[in-house]
Amino acid sequence: MTLLKVEDLHTHFISRDLDNQICIAKALNGVSFSLEAGRVLGIVGETGAGKSLTAQSIVGLLRPPAKIVAGSVRFEGRELTDMPDAELNRIRGNNIAMVVQNPRTSLDPLTRVGDQLVRLHQIHSGGPKTASHKRALEMMEAVGLPDPESRAKSWPHELSGGMAQRVLLAMALMNSPKLLIADEPTTGLDVTVQAQILDLLRSLVARFDMATLIITHDLGVVAHFCNDIAVMFGGSIVETGSVRDVFAAPAHPYTRNLIAATPERFQMGRAKALGGQPPDLYNLPSGCVLQSRCAYATELCQTTVRNAEVAEGHFALCHYAGRLEEQPAVKINA
Amino acid sequence: MTQPVLKIRNLSKRFPVGGGRVVHAVNCVDLSIMPGETLGMVGESGSGKSTLGRVILRLLEPSEGSIEFDGQDITQLPKGQIRRLRRDMQMVFQDPWSALNPRMRIRDLIAEPIKLHVDLSRSERDDRTEDLARRVNLGSTYLNRYPANLSGGQLQRACIARAIATDPKLIVLDEPTSSLDLSVRAGILELLAEIREETKAAMLFISHDLGTVRMISDRIAVLYLGEVVEQGQTEALFETPAHPYTQALLSAHLPADPAFKVSRLVLEGEVPSPIALPTGCKFHTRCPVAIARCAREVPQAIQVPSGQQASCLRIPNGGNIIQRKEDV
Ligand SMILES: Nc1ncnc2c1ncn2[C@@H]1O[C@H](COP(=O)(O)OP(=O)(O)OP(=O)(O)O)[C@@H](O)[C@H]1O
Ligand SMILES: Nc1ncnc2c1ncn2[C@@H]1O[C@H](COP(=O)(O)OP(=O)(O)OP(=O)(O)O)[C@@H](O)[C@H]1O
Ligand code: SF4
Ligand code: SF4
Ligand SMILES: [Mg+2]
Ligand SMILES: [Mg+2]
């Protein structure tokens, strides 16, 4: 059974404007992917693409006015989107762990880090407190915090960025989750510390056979630490596949530009072709979300796009997926 | 021979932080930048990059050492005269959102440095403002907007327009692309390269992103705990890094290409506090090839065969090269 299966997920921000008219920001528009135990999936995309929102929708941590309006999230075959809060809480504590985007804000500043770990274990696993304490020290050790005994007594503000990130990972591991979601786990860390955290993540995935979802905007992290990649744009996953296939032969125009903009491949003189305004979520065009900034766009692109399999397990959400080169000459953004 | 735009000698900056403790943010740095040259400065968080950039522009007072700008020693120059120098030395910051006054229109923000430093009539100034906006590819429709209504990339273009408004000889760019998306970043780098070509301005490009620095810099200086541990031509430094820290730093960089084999040298521990600097070679607490001497002796910069200058005691006998185990 697939551990996590997300299907056609739509999350909207629904609010009322000054004239009391309903406004809808369509932030996720049919996100689908699945993840097996022991696999690492990297979600990439520009700021505002909906990466964090995808994670929040999966674990049921959306705050109003955000709302899942359609779609399904199945974890070990069980539907999470309509599950009662208490039950969802239990799954979230025991089986799914999330490390959020900003480590500083997710630690309780008034509780020593060891106590935070113990508290988390007590809530979800119960048992004697000494066992929780022992587990806390083990997990701190597992994430490479030197001298866990004394580190456990630290206050959050005494931790460096790298250490805070390790504590969060230790927290996430406390209840042996089957699925770990890490939102920008290395952003803002120094490269040498980043390397330590990524190595750690990799060994933890292997050791605990976790499924891992890494959200990042760093294609280097995806290239070297993930098995699979999902590229997001305008609230849709526009391309998915194995890291090797997607980097070797990106099929979606957006992915092509993203990869072309990396320092390794970027060629001076090409930048103008690469960027552009993000789509207006309140007013998405019909058809492909990329159409206003896609060099390949034609009138066909104003019609609904379906995911096309360009190679086994490699999908792209584009009318011309797999045949961009032979696409007709009538371009609308020429 | 042309003389450097900027030449700093033995520059140090210390911050007293109470309790008799002192942060040694920048320690005995020697650097120079030639006209039209871009020097990339890399180093981890807290290594003193921003402090050094600010001291160079005299936005902070140096604790020790000298700064020569365009042939003139400006280390002791009084504040009033520094202000006049600002037209020749400009800065661009990491965070374009907080660098611009939110209550001024983009047009006035770009015009501000011209108003301060260049004697132009109002209409000439307006023309120049529009020229500058065009120069940084900011459409004229943006000129009447306020910063809140521009994207990060557009704001950074406005900041760059301000920085080049007075044709400066030196521009210090402190992480100018770090807060921007990849595709936007590419556009800003391209713009900077064009500006350098046209104006022959020297640039000090501060970044912790090695890929970006490699693209834009002629030469690179690597900072560790406020010291330049290695500097040299970009390609030489990337191809044959001599200092163990440079080797580790470069190896930790992950190129966005799965086909690229990386063999990483993962350093133990984290950067020590600049309040209690390690003795001897400041890298000895984390250096995989440290020997007993390293804790006592301060290494001097020496030239290596590939041309860079590096400060490591083990260079003479080749012990500075860290052996790698293939992984990933
Ligand atoms: N209250 C809101 N009303 C309308 N739209 C919102 C609201 N909050 C967030 N959004 C939009 O939802 C989209 C998804 O945001 P999300 O945080 O998932 O982006 P992200 O891909 O994680 O970006 P980043 O890389 O910056 O973290 C964004 O475009 C954002 O502007
Ligand atoms: N005004 C100050 N008072 C005390 N310490 C300071 C001050 N400004 C900077 N520092 C310290 O000096 C050291 C160098 O800081 P600096 O900001 O120059 O580093 P950096 O290399 O720019 O780091 P980053 O990559 O995080 O921007 C740090 O340890 C910092 O905490
Ligand atoms: S569907 Fe059309 S607009 Fe969308 S990515 Fe493909 S070619 Fe571009
Ligand atoms: S001097 Fe010693 S500690 Fe410093 S970099 Fe060289 S080998 Fe390492
Ligand atoms: Mg996010
Ligand atoms: Mg800085």
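The chains referred to below are lettered A, B, ... by the order of the sequence lines, with proteins before strands, and numbering in each begins at 1.
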Can you pull out the residues in [range] with any heavy atom less than 4.5 Å from chain A?
{"range": "residues 233-250 of chain B", "value": "B:L249"}
{"range": "residues 187-194 of chain B", "value": "B:G187, B:L189, B:E190, B:A193"}
{"range": "residues 41-51 of chain B", "value": "B:E44, B:S45"}

Which atom pair, heavy atoms only, marks the closest approach of [X] to [Y]?
{"X": "B:M215", "Y": "A:F266", "value": "CE-CD2, 3.1 Å"}
{"X": "A:A261", "Y": "B:S183", "value": "CB-CA, 3.9 Å"}
{"X": "A:Q196", "Y": "B:L267", "value": "NE2-O, 2.5 Å"}
{"X": "B:A256", "Y": "A:T262", "value": "CB-CG2, 3.6 Å"}

Leading residue by heavy atom contact count with chain A [cutoff under 4.5 Å; candidates B:I216, B:D209, B:D257]: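 It is B:D257.
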Check: B:L182 main-chain N/O paired with A:E46 side-chain donor or acceptor under 3.5 Å: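 Judged by distance alone, no pair lies under 3.5 Å.
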Part of A:Q194 lying under 4.5 Å from any heavy atom of chain B: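 Looking at A:Q194, nothing touches chain B.
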Partners passing side chain to side chain contact (heavy atoms under 4.5 Å, CB included) against A:T212 (at least two apart in sequence or in another chain):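 Side chain to side chain contact (heavy atoms under 4.5 Å, CB included) check on A:T212 returns A:V40, A:L180, A:V205, A:M210, A:I214.
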Greater than 12 external heavy atoms within 6.0 Å of A:R151's CZ: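 No, the 6.0 Å shell around CZ holds no more than 12 heavy atoms from other groups.
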Within 6.0 angstrom of A:R244 CZ, more than 12 heavy atoms from elsewhere: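 Atom CZ in A:R244 is not packed in, count stays at 12 or less.
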Test side-chain contact (heavy atoms from CB on, under 4.5 Å) applied to B:L254 and A:D218, A:L219, A:L198, the passing residue: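 Among the candidates, only A:L198 passes.
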Side chain, backbone, both or neither of B:R214 within contact of chain A (heavy atoms, under 4.5 Å):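 Neither part.
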